[in-house]
2 protein chains.
Amino acid sequence: MASNDLLKGTLKPIILKLLTENKRMYGYEITQSVKELSKGKIELTFGALYPILHKLEQDGAVITESEIINNRNRIYYSLTETGKNTAKEKIAELEEFVNTLRILLKPNYGLEYVLAR
Amino acid sequence: MASNDLLKGTLKPIILKLLTENKRMYGYEITQSVKELSKGKIELTFGALYPILHKLEQDGAVITESEIINNRNRIYYSLTETGKNTAKEKIAELEEFVNTLRILLKPNYGLEYVLAR
DNA sequence: AACGCATATATAAAATACTTATATATATTT
DNA sequence: AAATATATATAAGTATTTTATATATGCGTT
């Protein structure tokens, strides 16, 4: 609902985090997990998801396994060793960024800023 | 340094937060505050800043006062009443987003996700 | 039986927001 | 004299996401 321009750049680390925690996942499952875990606040659209997954595969960060389940094709993604390192880095970056944002959002930091001058 | 795609969408609320805390500020001052408060982690570039400030002015969220200080032109920005409401909304949105990210980054939520099924 | 909804992957066009590069000009410090 | 800090501004380029569209099966309900 809320205009989520905020997502930009965060989707890739979020996907990598999910793959870190879950060994292997397929695309649809990833979108559902993000929805669930964020209590509906983050909608990871297919148009965003698949290009990211394909890019990760191209870069050798994930490998895929295709399986036919209930007559439907399902493509599982899992991190390679390289991908695990990429994931660690990207997740750490996002964590640092979140901490920085929290400082900036802290109530009345303006006071400290004024006092520091 | 770090590729900050992460910033996207967060700059506007950050600027609004600064203006909320500081009554009036000029462009250069805003960039310096962000740098200081984020310990150098967030570089708000002029190419990003001024378009946002001009947009806020167009939208009636801020008003400007020009002053000549040390022979240099300085343009102060301050929130209008409308702007204060915009700021509250945008800041609240960013806070909620940060909280959501923290849930997603929480170590081993994967476990909870598995248990919840 | 038909309809809608959930499941499942995929791509292209459009919108958006930021980075990088460039321009101009004064004041201060080395 | 040169470099750095102060001060605002815009345009071109890039990257990432949203929106729209395509295809296809399974399940539940009326």
Side-chain angles (χ1 to χ4, degrees), chain A residues 1-16 24-36 38 40-59 62 64-77 90 93-94 97 117, chain B residues 1-16 24-36 38 40-59 62 64-77 90 93-94 97 117:
Chain A
M1 210 93 292
S3 63
N4 266 344
D5 307 319
L6 296 173
L7 288 176
K8 302 223 175 185
T10 61
L11 292 181
K12 194 165 161 181
I14 287 172
I15 291 168
L16 288 170
R24 72 173 203 171
M25 296 181 88
Y26 54 99
Y28 187 81
E29 188 186 14
I30 293 174
T31 63
Q32 297 309 300
S33 297
V34 170
K35 202 188 207 171
E36 237 180 86
S38 71
K41 282 165 199 156
I42 297 182
E43 285 266 355
L44 175 49
T45 61
F46 302 122
L49 173 69
Y50 289 111
I52 292 174
L53 287 176
H54 298 333
K55 184 92 194 330
L56 287 172
E57 193 182 9
Q58 267 177 48
D59 296 346
V62 298
T64 60
E65 301 163 277
S66 279
E67 285 178 31
I68 304 293
I69 300 203
N70 292 332
N71 251 2
R72 285 199 219 83
N73 194 35
R74 192 182 274 184
I75 303 173
Y76 282 100
Y77 293 84
K90 293 288 172 192
E93 254 178 47
L94 183 54
F97 180 66
R117 289 192 290 201
Chain B
M1 210 95 291
S3 63
N4 265 344
D5 306 319
L6 296 173
L7 288 176
K8 302 223 173 185
T10 62
L11 292 181
K12 195 166 161 182
I14 287 172
I15 291 168
L16 288 170
R24 71 173 204 171
M25 296 181 88
Y26 55 99
Y28 187 81
E29 189 186 15
I30 292 175
T31 64
Q32 298 309 301
S33 297
V34 170
K35 201 187 206 170
E36 235 181 85
S38 72
K41 281 165 201 157
I42 297 183
E43 286 267 354
L44 175 48
T45 61
F46 301 123
L49 174 69
Y50 289 111
I52 292 174
L53 287 176
H54 299 333
K55 185 90 195 329
L56 287 172
E57 193 183 8
Q58 267 177 47
D59 296 346
V62 299
T64 60
E65 300 164 278
S66 280
E67 285 178 30
I68 304 294
I69 299 201
N70 292 334
N71 251 4
R72 284 198 221 87
N73 194 34
R74 193 182 274 185
I75 302 173
Y76 281 101
Y77 293 83
K90 293 288 173 193
E93 255 179 46
L94 182 53
F97 180 67
R117 291 191 288 200

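The sequence lines fix the lettering, A, B, ..., with proteins before strands; numbering per chain opens at 1. Computation of the quantities below employed the complete heavy-atom set of this structure, encompassing side-chain atoms and omitting hydrogens, waters and symmetry-equivalent molecules.
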Run A:Val34 and A:Leu49 through side-chain contact (heavy atoms from CB on, under 4.5 Å) and show every step you take. CA-CA 11 Å; A:Val34 170; A:Leu49 173 69; over 6 Å; no
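- Regarding B:Ile42, its CD1 atom lies at a distance of 10 Å from the P atom of C:dT19, rounded to whole Å.
- Within the 4.5 Å cutoff, side-chain heavy atoms of B:Leu44 are placed close to those of B:Ile15.
- Put simply, CG on A:Leu44 is 11 Å from C1' on D:dT17, counting in whole angstrom units.
- Put simply, CG on A:Leu6 is 11 Å from P on D:dT18, counting in whole angstrom units.
- Evaluation of the side chain to side chain donor-acceptor pair (under 3.5 Å) rule for A:Asp59 yields A:Lys55 as partners, not counting sequence neighbours.
- Ring pair B:Tyr28/B:Phe46 is parallel by interplanar angle, where below 30° counts as parallel and above 60° as perpendicular.
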Letter by letter from the 5' end, nucleotides 4-10 of chain D scores (B base, S sugar-phosphate only, - none; protein heavy atoms under 4.0 Å) -SBSBBB
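- The distance between atom CD of A:Glu67 and atom P of C:dT7, rounded to the nearest whole Å, is 18 Å.
- Under 3.5 Å, the side chain of A:Lys8 and the base of C:dT16 form at least one donor-acceptor pair of N or O atoms.
- Atom NZ in B:Lys90 sits 5.0 Å away from atom NZ in B:Lys12 (nearest 0.5 Å).
- For B:Glu57, there are no salt bridge (Lys or Arg N to Asp or Glu O under 4.0 Å) partners at least two apart in sequence or on another chain.
- Computed from coordinates, the A:Lys55 NZ to C:dT11 P distance equals 15 Å when rounded to whole Å.
- As a whole-Å value, the separation of B:Ile68 CD1 from C:dA27 C1' is 14 Å.
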